[in-house]
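To start, the structure under review is shown below, and the notes come after it.
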Amino acid sequence: MKRCPKCKRVYADESLTFCLDDGSRLIAGVAEGGSADPNATIRYPQDIPTSKTQMKRFLPFAIIALALIGALVVVFVLLRSSQRSGTSNNATPDPSIPAGAEPPHVRGNPNAPVTLEEFGDFQCPTCGTYYVEVKKIENEFGDKLKVIFREYPLLPMHEHALMAAQAAEAAGLQNKFWEMHDKLYENQKAWSEVKDVVPLFVDYAKQIGLDPDRFMRDLNDEVVAARIFQDGKRAHALGVDSTPTFFVNGSEAKGESWKPDGLRAMINQALSGANPK
């Protein structure tokens with residue numbers, strides 16, 4: 001028999017060392033009222049831990065496990081955020097680069113994940129060729145792509161380029177920029193070879209449903225001139241020196257990427273979350 005000198009509980013199990021109630025050291029063979037071991041009140045854990053003791057033992061491991069899970073969640077969120085920012089066309093613009101004319105001329109889904117920005121000259125023969133290719137690309141990518149056109153008339157190389165840009169911007173004041181844009185490229189050869197382009201441009205304005213009198217007034221309007229100037233500032237800041245020049249989500253299409261299939265590859269890379277190159 002063993003007995004707790006503190007709570008007086010008696011245990012028949014001789015294998016126990018400490019009291020299960022208060023942790024006091026058990027005394028063997030001591031009769032009721034006998035002297036107690038002077039060290040009987042020193043507390044130690046039992047050989048078989050209680051539920052509270054088990055909780056204390058496993059608590060550090062639980063904390064570590066929770067910390068690891070939390071860290072994994074944070075890493076996952078950051079990776080997802082990074083992927084979104086990589087495909088987003090709403091990234092914070094470089095404040096050192098002028099924004100260009102605002103609002104820009106946009107065709108396609110304004111919330112598309114990929115932006116194709118073109119700096120073009122309406123009298124540039126290569127731009128005329130690329131007009132067809134860009135239209136194909138727009139149709140291929142649909143809502144995944146938006147196109148921005150920037151004015152960059154090459155003077156004095158193309159004598160009518162500035163007036164053509166003015167015609168497109170004047171049409172834009174009546175919300176018909178893209179209609180005039182298409183009309184100018186589709187009839188590029190016809191107006192490029194005449195001396196006075198204004199009568200032809202007025203005719204194009206009538207064909208696309210513009211008020212011709214307002215169109216004539218707007219051709220030399222300060223707002224039109226300012227938009228062309230702002231696009232030119234952006235072009236120079238980005239190092240544009242020829243047309244057409246393309247940027248996909250802010251990355252310039254150079255070398256093989258400048259070709260139609262290269263543009264498609266850059267757009268697909270942007271859609272996959274990679275930086276277009």
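Heavy atoms only: backbone and side chains are in, while hydrogens, waters and symmetry mates are out. Start at 1 with the first residue, then count along the sequence.
Side-chain contact check for Y152 versus T243: some heavy-atom pair is nearer than 4.5 Å. With contacts defined as side-chain heavy-atom distances shorter than 4.5 Å, the pair S257/L263 does not qualify. Looking at heavy atoms from C-beta onward, M163 lies in side-chain contact with L219 at the 4.5 angstrom threshold. Looking only at side-chain heavy atoms (C-beta outward), I267 and L145 come within less than 4.5 Å of each other.
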Using the ring pair (Phe, Tyr, Trp, His ring centres under 6.0 Å) rule, take F201 and F215 through it: C-alpha gap first, then chi angles, then the decisive distance, then the call. CA-CA 9 Å; F201 291 169; F215 175 76; 7.7 Å; no
For the pair D261 and R264, evaluate salt bridge (Lys or Arg N to Asp or Glu O under 4.0 Å) and give the outcome as yes or no after the intermediate values. CA-CA 5 Å; D261 285 342; R264 289 180 174 88; 3.3 Å; yes
Show your reasoning for whether salt bridge (Lys or Arg N to Asp or Glu O under 4.0 Å) applies to E179 and K183. CA-CA 6 Å; E179 289 83 351; K183 185 69 70 173; over 6 Å; no
Evaluate the salt bridge (Lys or Arg N to Asp or Glu O under 4.0 Å) criterion for residues K176 and D211: first the C-alpha distance (whole Å), next the side-chain angles of each, then the deciding distance (0.1 Å), finally the verdict. CA-CA 11 Å; K176 295 280 189 176; D211 177 343; over 6 Å; no
What do the steps show when you test R234 against E117 for salt bridge (Lys or Arg N to Asp or Glu O under 4.0 Å), and what is the final call? CA-CA 12 Å; R234 178 169 175 80; E117 184 178 19; 2.8 Å; yes
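For E222, the CD atom is loosely surrounded, since the number of other residues' heavy atoms within 6.0 Å does not exceed 12.
Atom-to-atom distance recorded for E118:CD and C127:SG is 6.0 Å, nearest 0.5 angstrom. Atom CG of L184 and atom OG of S192 lie 9.5 Å apart (nearest 0.5 Å). Put simply, OG1 on T129 and CD on E133 are 8.5 Å apart, with the number rounded to the nearest 0.5 Å. Expressed to the nearest 0.5 Å, how far NZ of K233 lies from CG of L238 amounts to 12.5 Å. Rounded to the nearest 0.5 Å, atoms CD1 (I148) and CZ (F247) are 12.0 Å apart.
Of the possible polar contacts, one joining the D231 side chain to the A101 backbone as a donor-acceptor pair under 3.5 Å is found. Of the possible donor and acceptor atoms, none in the side chain of D143 sits under 3.5 Å from a partner among the backbone N and O of N109. No side-chain donor-acceptor contact under 3.5 Å links D121 to the backbone of P153. Between the R150 side chain and the P104 main chain, no donor and acceptor come within less than 3.5 Å of each other. Remark: the backbone N or O of K135 is paired with a side-chain donor or acceptor of N139 at under 3.5 angstrom.
Here F149 and F119 keep their ring centres 6.0 angstrom or further from each other. Separation of the Y185 and W191 ring centroids does not fall under the 6.0 Å cut-off.
Taking the six-membered ring for Trp and thresholds of 30 and 60 degrees, H181 and F122 have ring planes more than 60 degrees apart, a perpendicular arrangement.
Using modelled atom types, one finds a donor on one side chain and an acceptor on the other under 3.5 Å when comparing Y131 with E186. Counting only N and O atoms by type, the side chains of E169 and H105 include a donor and acceptor under 3.5 Å apart.
For K259 and E256, the salt-bridge test passes: some basic side-chain N is under 4.0 Å from an acidic carboxylate O.
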